[in-house]
2 protein chains.
Amino acid sequence: MTTEQSKSEISRARILDAAAKTFRQKGYAATTLIEIARAADMQAGSLYYHFGSKDELLEEVLDIGMRRVHEAVEESQEHLPPGSSHRDRIRAAVEAHLTTLLKLDDYTSANIRIFGQIPEDVRRRHIRLRDAYAELWRRILVKAQKSRALRSDIDLGLVRMLLMGALNWSVEWYQPGRTSIQTMADHMCLMLFSGIGIDEPARSSEDETVA
Amino acid sequence: MTTEQSKSEISRARILDAAAKTFRQKGYAATTLIEIARAADMQAGSLYYHFGSKDELLEEVLDIGMRRVHEAVEESQEHLPPGSSHRDRIRAAVEAHLTTLLKLDDYTSANIRIFGQIPEDVRRRHIRLRDAYAELWRRILVKAQKSRALRSDIDLGLVRMLLMGALNWSVEWYQPGRTSIQTMADHMCLMLFSGIGIDEPARSSEDETVA
DNA sequence: GTCTATAACTAGATAGAC
DNA sequence: GTCTATCTAGTTATAGAC
């Protein structure tokens, strides 16, 4: 009950870490308890002292992953310098989301990668946390729109889904070292706020619009 | 050898359709041959007359899905009205990609959804088609940038990944009837070219930048 | 071509020793 | 708490009848 962890708590955490890592890499159904146990330096049967079933283990990994990214984005909003613009706020949220997803955390990336392939009842129990996280983003964007930092003639829900897609898809291709998270956030926010198009000059006959 | 399909070809196609649909819904590892067979009105053992293994079936589903979206985007570029701008070209590609992914095709959506969870050797053989599709997009974007339709001070590869992410992620949330593909393409291209930000007015003391 | 039957294997889960 | 041994169920794949 102090800050010391019991042996049980330590093992439990080791199992969860191993599960998050393996689920993220191989997906849910393709991951066996034998692999998780091996990654946690244990025998498969020993897992059942800590968890009732594979699904129970999955559920906890998913919940932890979603809570972590939720908290990271929430904190990014609380720690902004006073007088920050709405663009600053959104940029901070984007960076917090990406950082959690790509640098810190097998739990969050496991959640994002395998959510579409989990058993129905696990999904049903987990969905509240997902909805709460979506609501956090919704509030950030709506506030920006109401303050006229974002256009009013758009479907903000759709924008949110496209934005989350661009960010979440990075778990499928991101390789540490190649691109920095800063650069990714820069590009994402540039697209979101200003776009990367240039006003094409008035058409003249010499324009190469087809070639 | 005529336009008539042999009984074998018909069955084969039925199996592939069933496999694409089931893979898309449940993922690769979680899908059993028994389910695929049932969806194709067959017994599991009968599948082996047409395919050598589950992996072989998977591979063909993946390849078909990638070829279809590739062809759809390629055709979208060939059928543009003369004098189309680069924005028009990109917009057409976005729409073709989304349409294939969300309306026409279990094969393409299966490919996008399960690519991250397939066996290593299948992935290795399939990757060429993926790379070719990426190259098609790269060319479209580079051409636009060289013609000064897109800013030159950006990492176009990164933009491409963010764009594909925004589009591909839609397989995880899109529900037919709620949003039209037109609307999705509109929003995506608006973000890509112009952004949805409004220049925030010069800061004054009464601005509510924090609340 | 498709069926039925089944072989060979692997998974998740349980029980009892330590 | 963890291990070893094992049960049960379900999977891919094969074989031979029709």
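Proteins get letters first, then strands, A, B, ... in listed order; numbering begins at 1 in each.
Rounded to a whole Å, the CG atom of A:Leu47 is 10 Å from the P atom of C:dA13. Across the protein-nucleic acid pair, B:Arg14 atom CZ and C:dT2 atom C1' stand 10 Å apart, rounded to whole Å. The distance from atom CG of B:Leu57 to atom C1' of D:dT12 is 13 Å, rounded to the nearest whole Å. The CZ-C1' distance, from B:Phe51 to D:dA13, rounds to 16 Å in whole Å. Here D:dT2 presents its C1' atom at 15 Å from CD1 of A:Ile10, a figure rounded to the nearest Å.
A side-chain donor from one of B:Asp63 and B:His126 sits under 3.5 Å from a side-chain acceptor of the other. Side-chain N/O atoms of A:Arg130 and A:Asn111 include a donor and acceptor closer than 3.5 Å. Between the side chains of A:Ser180 and A:Thr183, at least one donor N or O lies within less than 3.5 Å of an accepting N or O.
The side chain of B:Ser8 sits closest to C:dG1 out of C:dA13, C:dG1, D:dT2. Picking from D:dG1, C:dG1, D:dC3 the nucleotide with the shortest atom distance to the side chain of A:Ser46 gives D:dC3. Side-chain proximity of A:Lys54 to the nucleotides D:dT12, C:dA13, C:dT2 is greatest for C:dA13.
A salt bridge does not link B:Glu71 to B:Arg68: none of the charged side-chain nitrogens sits closer than 4.0 Å to a carboxylate oxygen.
For A:Tyr48, no side-chain nitrogen or oxygen approaches OP1 or OP2 of C:dT14 to under 4.0 Å. B:Tyr49 has a side-chain polar atom (N or O) that falls below the 4.0 Å cut-off from OP1 or OP2 of C:dG1. OP1 and OP2 of C:dG12 both lie 4.0 Å or more from every side-chain N or O belonging to A:Ser53.
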Scan the side chains in residues 21-29 of chain A for donor-acceptor partners under 3.5 Å anywhere in the protein, sequence neighbours excluded, and list what turns up.
| unit_1 | atom_1 | unit_2 | atom_2 | d |
| --- | --- | --- | --- | --- |
| A:Thr22 | OG1 | A:Ala18 | O | 2.6 |
| A:Lys26 | NZ | A:Glu35 | OE2 | 2.6 |
| A:Tyr28 | OH | A:Asp55 | OD1 | 2.3 |

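A distance of 6.0 Å or more separates the ring centres of B:Phe193 and B:His86.
Contacts of residues 24-45 of chain A with DNA chain C (heavy atom under 4.0 Å): A:Thr31, A:Thr32, A:Leu33, A:Ile34, A:Gly45.
Classified by interplanar angle (parallel below 30°, tilted 30° to 60°, perpendicular above 60°), the ring pair A:Trp169/B:Trp169 is perpendicular.
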